[in-house]
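Notes follow once the structure below has been shown.
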Amino acid sequence: MAFVEARDEHIVLDDAQTAYIAGTAMKVVELVNAWRAYSWSPEELHSQYPQLSLGQIHSALADYWDHQAALDTALRSQLAEVDALRSGTSPVPLAARGRPGLST
């Protein structure tokens with residue numbers, strides 16, 4: 001993956017203008033999803049994602065606040081895509097999934 005721009009030392013953009021935490025494959029929006037879903041503090045985020053420094057976490061959250069409208073639009077788009085994929089498939093009963101060790 002090629003990054004074409006750095007917003008700061010911890011946030012980089014790819015050619016599609018998607019923000020990533022520098023030195024990782026984690027998108028800023030992924031960390032923001034966890035932060036919003038669980039109301040985790042930066043310290044708890046660090047506990048859950050120990051590969052990230054507190055500086056990276058704070059920078060990602062600051063980047064979210066600086067670009068909130070664009071990231072919220074991206075989040076809504078991703079959720080709509082997931083909903084569309086889910087609505088196009090039927091649930092498969094566990095026994096029909098052919099999981100090893102399960103008998104019917």
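Only this structure's heavy atoms are used, side chains among them; waters, hydrogens and symmetry mates stay out.
- Counted within 6.0 Å of CD on E81, heavy atoms from surrounding residues, nucleotides or ligands total 12 or fewer; the atom is thus considered open.
- Residues satisfying the salt bridge (charged side-chain N to carboxylate O under 4.0 Å, His left out) criterion with D72, sequence neighbours excluded, are R36.
- Of all the heavy atoms in L13 and A19, the pair that sits closest is CD2-CA, 3.6 Å.
- Distance check, rounded to the nearest 0.5 Å: OG1 of T24 to CG of L52 gives 6.0 Å.
- Contact of the R76 side chain with the L79 side chain is not registered, since no non-hydrogen atoms from C-beta on lie closer than 4.5 Å.
- Within the 4.5 Å cutoff, the side chain of Y49 has heavy atoms near those of the M26 side chain.
- The shortest non-hydrogen separation linking W40 to L45 is CE3-CD2, 3.5 Å.
- Proximity of a side-chain donor or acceptor of H46 to a complementary backbone N or O of P42 within less than 3.5 Å is not detected.
- Using modelled atom types, one side-chain atom of E30 and one backbone atom of K27 make a donor-acceptor pair closer than 3.5 Å.
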Listed pairs under 3.5 Å, donor-acceptor, residues 53-60 side chains, sequence neighbours left out:
{"from": "S53", "atom 1": "OG", "to": "G55", "atom 2": "N", "distance (Å)": "3.4"}
{"from": "S53", "atom 1": "OG", "to": "Q56", "atom 2": "N", "distance (Å)": "3.0"}
{"from": "Q56", "atom 1": "OE1", "to": "S53", "atom 2": "N", "distance (Å)": "2.8"}
{"from": "Q56", "atom 1": "NE2", "to": "A22", "atom 2": "O", "distance (Å)": "3.0"}
{"from": "S59", "atom 1": "OG", "to": "G55", "atom 2": "O", "distance (Å)": "3.1"}

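- For the atom pair Y64 OH and N33 CG, the distance stands at 9.5 Å (nearest 0.5 Å).
- Between Y20 and V28 the shortest side-chain heavy-atom distance does not fall below 4.5 Å.
- At distances below 3.5 Å, not a single donor-acceptor pair connects side-chain atoms of S77 with backbone N or O atoms of T73.
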